[in-house]
Amino acid sequence: MIASARFIVARVFLPFMLAYFVSEIFRNINAVVGPAIRRDLDLSPEELGFLTSMFLVTVASVQVIVGIFLDRYGARRTVAALLTIGAAGSILFSLGIYEAMLVGRCLIGLGMSGCWTAAFKVNAQWWPHERLALANGATLGFAGLGALAATLPAQFLLERVDWNAIFAGAGVMTFLVALAVMFVAPDHPDEIGKRRDGRSLYSEFRGFGTVMKAPVFLVVGPASILCQGVWLSYQGLWSGVWLREVSGASPVAAASILFVFAASIIIGNVVIGILADFAQRRGISLMSVTAVLSSAYVVVQLVILTTPLHGSVVLWSLFGLLLAGPIFSYALLSRALPTSLSGRAVSLLNLFATLAAFVIQYGVGVVVEFWQPGVDGTYPAAAHRTAFALVVGLQVAAVAWMLLVMLRSPAPRALAGQPADGD
């Protein structure tokens, strides 16, 4: 189907970008409201990390099913239904009872589980292959305004209303976005045909095997998964703790740096997406761009870890800007596989990235608790540095694997980001 750019932007890009926007708010909000939740409920770092990470573990646990539903029933119906569940979870979370909040956080994770995957899937369906990196970058960039809203604006709200009211309001907003997706976004003709072809669920599951055997998944997957895992876990919780307990920033100063961090992710994905689009038209492969940016992304973390500039706005800005590198893996994977597998391809990579984020977000809390807190309840900088050193080391190994494979063998067609033929 040939559709105008105006149609795609108004009816496809905007509704699914809004859904992704909402998911970014929920994923990151605890980095700002976490201290208030911890104080009101008298939680330990491990308990707060566990509560926050329930979002990630739920997103990860349903990715396989979400990928199948997106490919089988379409993005519009799937996302609208899931967002409605997420809205109910946010209301439940606002009750302020720890057990209910655990269930609510899981429901929020379920509700947001298809937003990222659906946005990248509809991009693969509606945009030309050569514009996919730019479209994904724009989606992630503009939806990243949700992460931005979860920083300084959230702190501003928290100083005027309690965190319970913030989550109740977010639940109402989520339901309104569900209505927008349901009644504004169109079905793609391929989705309509897919629902009528009678294909079995077993055959749908087999598609995941095709994705996992794709050379691009095997080469760039580990680095992308771990780099995203660190981003998700730190932006969602531990970056705020790092800035307060390692850098000694006040809550407002920490929220301000998180605001810049989130803004840098937005700017980086849009601007670097444009530059990557330009580079490809000049003969530089997206695979090469991904490798260079992913390497730089890890180097910045090493600098944060090993220098006195651990609270530098410039370094945290670079941390956000260079995230575009690991994110380009979604475009590489979508281009190397048929669009009929795009939902499962994106959901599988997202599954492993979210699982990595869950392990890191919970694991950092476990490592930190090996140290004793001070009289004010904060933990020593050494605790946070040790945890961060472990996750940086994992990323170094994964990026080294990607670079080694690229240097030792010519990039095959799939690694060059060329679209595959057939189904």
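Just so you know, residue 1 is the first one in the sequence shown, and it goes up from there.
Judged by distance alone, with hydrogens and angles left aside, the side-chain atoms of Ser329 form a donor-acceptor pair with the main-chain N or O of Pro326 at under 3.5 Å. Counting only distance, with no hydrogens or angles, the side chain of Trp316 and the backbone of His310 share a donor-acceptor pair below 3.5 Å. At least one donor-acceptor pair under 3.5 Å links the side chain of Gln395 to the backbone N or O of Val391. Side chain of Thr354 to backbone of Ala60: no donor-acceptor contact under 3.5 angstrom is found. One N or O on the side chain of Arg76 and one on the backbone of Met182 form a donor-acceptor pair closer than 3.5 Å. Of the possible donor and acceptor atoms, none in the side chain of Gln63 sits under 3.5 Å from a partner among the backbone N and O of Asn350. Under the 3.5 Å distance criterion, the side-chain polar atoms of Gln361 are matched with a main-chain donor or acceptor of Ser53. Checking side-chain atoms of Thr84 against main-chain N and O of Ala80 turns up a donor-acceptor pair under 3.5 Å. With Ser233 contributing its side chain and Val230 its backbone, the two residues share a donor-acceptor pair below 3.5 Å. At least one donor-acceptor pair closer than 3.5 Å links the side chain of Arg105 to the backbone N or O of Thr52.
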Candidate pair Trp242 and Tyr234, rule ring pair (Phe, Tyr, Trp, His ring centres under 6.0 Å), full reasoning: CA-CA 9 Å; Trp242 175 281; Tyr234 269 79; 7.2 Å; no
Evaluation steps, side-chain contact (heavy atoms from CB on, under 4.5 Å), between Val241 and Val368: CA-CA 11 Å; Val241 180; Val368 166; over 6 Å; no
With side-chain contact (heavy atoms from CB on, under 4.5 Å) as the test, would you mind laying out the steps for Met287 and Val220 before giving the verdict? CA-CA 9 Å; Met287 182 72 181; Val220 305; 3.2 Å; yes
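Here CG of Leu349 is found 9.0 Å from CZ of Phe352. Values are rounded to the nearest 0.5 Å. Rounding to the nearest 0.5 Å places CD1 of Ile68 at 11.5 Å from OG1 of Thr78.
Enclosure of atom CZ in Phe13 by more than 12 non-hydrogen atoms of other residues, nucleotides or ligands within 6.0 angstrom is indicated. Counting heavy-atom neighbours within 6.0 Å of Gln372 CD, excluding the residue itself, gives a total of 12 or less. Counting heavy atoms of neighbouring residues, nucleotides and ligands inside a 6.0 Å radius, atom CZ of Phe156 does not exceed 12 of them.
Closest approach of Ile108 to Ser90, counting heavy atoms only: CG1-N, 3.5 Å. Between Val66 and Gly114, the shortest heavy-atom distance links the atoms CG1-CA, 3.7 Å. Across every non-hydrogen atom of Gly325 and Thr290, the tightest pair is O-CG2, 3.2 Å. The two residues Leu110 and Leu82 come nearest to each other via the heavy atoms O-CD2, 3.6 Å. Contact between Gly146 and Ile25 at its shortest, heavy atoms only, is O-CG1, 3.3 Å. Nearest heavy-atom pair across Leu243 and Ala254 is CD1-O, 3.8 Å.
Side-chain contact between Ser113 and Thr58: absent, with no pair of heavy atoms (C-beta onward) separated by less than 4.5 Å. You'll find the side chain of Tyr98 reaches within 4.5 Å of the side chain of Leu43, heavy atoms only. Two residues are said to be in side-chain contact when any heavy atoms from C-beta on lie closer than 4.5 Å; Leu351 and Leu355 meet this criterion. Residues Trp371 and Thr386 meet the side-chain proximity criterion, which asks for heavy atoms closer than 4.5 Å. Looking at heavy atoms from C-beta onward, Val303 lies out of side-chain contact with Leu318 at the 4.5 angstrom threshold. Proximity of Leu83 to Cys115: side-chain heavy atoms (C-beta onward) are separated by under 4.5 Å at one or more points. The closest side-chain heavy-atom distance from Arg27 to Val59 is not below 4.5 Å. Trp231 has its side chain within reach of Ile327: a pair of non-hydrogen atoms, C-beta onward, lies under 4.5 Å apart.
Ring orientation note: the planes of Phe319 and Tyr297 are tilted relative to one another, at an angle of 30° to 60°.
When each of Phe26, Phe55, Phe167 is paired with Phe93, the ring-ring contact (aromatic ring centres under 6.0 Å, His included) condition holds for Phe167 and for no other.
Side-chain contact annotation: Tyr330 with Gln228, donor-acceptor N/O pair under 3.5 Å present.
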